Trainee: 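Pasting a structure here, questions to come.
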Amino acid sequence: MGTGLHAPILDWYAENARDLPWRRTDASPWAILVSEIMLQQTPVVRVLPIWAEWMERWPTPAALAAEPPGEAVRHWGRLGYPRRALNLHACARAITTEYEGQVPSTYDELRKLPGIGDYTAAAVASFAFGHSHAVLDTNVRRVLARAVRGEEYPPKATTTPERKLAESLLPALDAPRWGVAVMELGALVCTARAPRCADCPVAAACAWRLAGRPAYEGPERRGQTYAGTDRQCRGRLLAVLRDAHGAVPKAALDAVWADAVQRERALDGLVTDGLAEVLAEGTYRLPS
DNA sequence: GACGCGTGGTT
DNA sequence: TAACCAAGCGT
């Protein structure tokens with residue numbers, strides 16, 4: 001099942017792929033690794049400028065490893081999930097000390113680095129080193145759910161059947177190209193909200209479309225509100241630390257969030273997570 | 001397996 | 001306009 005998907009999707013990709021800098025043939029493994037971490041839960045258009053700045057500033061793992069972790073957090077800007085900046089910094093140091101500055105090439109080695117889970121390890125092994133892995137991101141899972149399983153959305157968490165299906169579809173030749181092509185189809189055509197089936201190269205074979213695009217019937221997908229959460233509070237506090245070069249008096253942090261109990265909890269959380277550092281006299285800064 | 005973790009554009 | 005969504009990970 002589904003082997004008929006390959007040629008249409010690969011042909012579509014050849015015509016419609018975006019020219020993203022981390023896909024160019026001269027992109028280094030480090031450049032690809034940085035892009036993959038930045039792209040976790042983050043749209044391409046927001047990643048592009050930050051990635052470019054990082055590549056200019058820190059073109060190698062050793063360059064980033066030579067900086068204090070707080071500089072990675074500072075130059076993360078407002079990308080979101082700033083622990084990823086800390087993870088990338090820790091990756092850079094591990095790569096420098098344990099791999100002589102060269103990004104490791106195997107899934108198992110990559111998987112052990114901080115912030116690199118199943119998806120990112122498979123993506124880097126595949127896209128940077130040409131290895132054959134099933135790259136199961138949200139786009140690929142959605143495309144396969146629709147085209148093969150006939151359902152609007154994949155399960156909340158990746159299942160064994162999904163993995164088996166993705167592995168069964170891996171082509172003998174050029175698995176990396178296949179992976180990025182399916183991802184791109186999900187990103188540009190087989191989108192979550194309003195899929196453009198009229199532009200889809202596999203519309204004629206898509207189980208979901210042939211079934212009349214039945215609505216999702218799985219469990220309710222909860223979306224938590226952001227306003228007033230610890231998350232928002234942490235973001236406010238970290239923005240103050242990021243934008244101030246050097247020590248920040250606690251009063252400056254108190255000023256950006258009214259609820260003292262929540263504010264203290266969030267600040268403690270940032271310190272616990274290594275995103276902030278307590279200095280003497282109740283001042284704070286990014287980690288050194 | 002469910003939850004916490006940022007941010008901003010889109011509908 | 002509140003909710004959804006965007007190349008997930010760690011606990």
Side-chain angles (χ1 to χ4, degrees), chain A residues 13 17-18 20-23 27 31-51 73 76-88 90-91 110-128 133-143 152-160 166 176 179-188 190-195 216 218-242 257 262 265-266 268-270 272-276:
Chain A
Y13 182 73
R18 291 168 291 181
L20 301 176
W22 45 82
R23 286 183 186 160
I32 291 169
L33 171 55
V34 171
S35 79
E36 290 299 341
I37 300 276
M38 288 184 172
L39 286 162
Q40 291 169 2
Q41 299 283 282
T42 309
V44 165
V45 290
R46 296 220 326 265
V47 166
L48 283 166
I50 305 291
W51 179 87
V73 176
W76 196 252
R78 305 187 65 81
L79 256 196
Y81 293 143
R83 70 170 69 164
R84 293 182 292 165
L86 238 33
N87 286 336
L88 264 175
C91 279
L110 290 161
R111 187 65 182 75
K112 292 173 187 162
L113 294 172
I116 298 193
D118 173 68
Y119 163 75
T120 305
V124 174
S126 182
F127 303 151
H133 290 282
V135 177
L136 274 172
D137 80 323
T138 187
N139 291 304
V140 172
R141 296 182 61 222
R142 188 175 56 248
V143 169
E152 186 177 19
Y153 296 118
K156 301 177 74 167
T158 304
T159 61
T160 299
V180 76
V182 179
M183 285 176 64
E184 191 77 336
L185 184 65
L188 298 183
C190 193
T191 56
R193 215 72 91 75
Y216 178 71
E220 203 74 23
R221 303 184 293 168
R222 81 179 197 306
Q224 79 288 341
T225 55
Y226 181 60
T229 60
D230 284 14
R231 235 152 145 175
Q232 185 186 32
C233 182
R234 285 168 58 108
R236 290 264 187 90
L237 296 173
L238 195 61
V240 173
L241 298 180
R242 236 180 10 235
W257 197 264
Q262 189 177 28
R265 183 171 66 234
D268 285 348
L270 289 174
T272 297
D273 293 348
L275 286 164

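Below, chain A is the first sequence line, B the second, and so on; all start at residue 1. On a predicted model such as this, the values are computed, not experimentally measured, just so you know.
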Trainee: Residues in side chain to side chain contact (heavy atoms under 4.5 Å, CB included) with A/Thr138, at least two apart?
Mentor: A/Arg142
Trainee: Between the base of B/dG6 and the side chain of A/Arg231, is one N or O donor paired with an acceptor at under 3.5 angstrom?
Mentor: yes
Trainee: Rounded to whole angstroms, how far apart are CG on A/Leu113 and C1' on C/dG8?
Mentor: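 After rounding, the gap between these two atoms is 16 Å.
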Trainee: Could you list the residues that satisfy salt bridge (Lys or Arg N to Asp or Glu O under 4.0 Å) with A/Asp273, not counting sequence neighbours?
Mentor: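 Here the qualifying residues are A/Arg234.
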Trainee: How would you label the contact of A/Arg234 with the nucleic acid (heavy atoms, under 4.0 Å): base, sugar-phosphate, or nothing?
Mentor: sugar-phosphate
Trainee: Between C/dC4 and B/dG6, how many Å separate the two C1' atoms, rounded to a whole number?
Mentor: 15 Å
Trainee: Counting only distance, no hydrogens or angles, is the base of C/dC4 paired donor-acceptor with the side chain of A/Arg193 under 3.5 Å?
Mentor: yes
Trainee: What does A/Arg141 touch in the nucleic acid at a heavy-atom separation under 4.0 angstrom: a base, only the sugar-phosphate, or nothing?
Mentor: nothing
Trainee: In residues 114-128 of chain A, what residues come within less than 4.0 Å of DNA chain B, judged by heavy atoms?
Mentor: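 DNA chain B contact set from residues 114-128 of chain A: none.
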Trainee: List in chain and number order the residues that pass side chain to side chain contact (heavy atoms under 4.5 Å, CB included) with A/Arg23, two or more places apart in sequence or in another chain; answer none if no residue qualifies.
Mentor: A/Tyr13, A/Ala17, A/Arg18, A/Leu20, A/Val180, A/Glu184
Trainee: Touch check for A/Thr138, heavy atoms < 4.0 angstrom, all strands: base, sugar-phosphate only, or nothing?
Mentor: sugar-phosphate
Trainee: Please list, chain by chain and in numerical order, all residues satisfying ring pair (Phe, Tyr, Trp, His ring centres under 6.0 Å) with A/Trp22, sequence neighbours excluded.
Mentor: A/Trp51
Trainee: Do the side-chain N or O atoms of A/Arg78 get closer than 4.0 angstrom to the phosphate oxygens (OP1, OP2) of B/dG8?
Mentor: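 For A/Arg78, the contact criterion (side-chain N or O under 4.0 Å from OP1 or OP2 of B/dG8) is met.
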Trainee: Categorize A/Ile50 for me: base, sugar-phosphate, or nothing, with a 4.0 angstrom heavy-atom threshold over every strand shown.
Mentor: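 Nothing, no heavy atom under 4.0 Å.
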Trainee: Listed by chain and number, what are the side chain to side chain contact (heavy atoms under 4.5 Å, CB included) partners of A/Leu86, not counting sequence neighbours?
Mentor: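 A/Pro69, A/Val73, A/Leu275, A/Pro287.
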Trainee: Heavy atoms only, 4.0 Å cut-off, all strands: where does A/Arg18 land among base, sugar-phosphate and nothing?
Mentor: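 The residue A/Arg18 makes base contact.
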Trainee: Is any side-chain N or O of A/Tyr153 closer than 4.0 Å to OP1 or OP2 of C/dC4?
Mentor: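 The answer is no; no side-chain N or O of A/Tyr153 sits under 4.0 Å from OP1 or OP2.
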Trainee: Heavy atoms under 4.0 Å, any strand shown: does A/Trp76 hit a base, just sugar-phosphate, or nothing?
Mentor: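 Answer is nothing: A/Trp76 stays at 4.0 Å or more from every strand.
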Trainee: With rounding to whole Å, what would you report as the distance between C/dT1 and C/dC5 at their C1' atoms?
Mentor: 16 Å
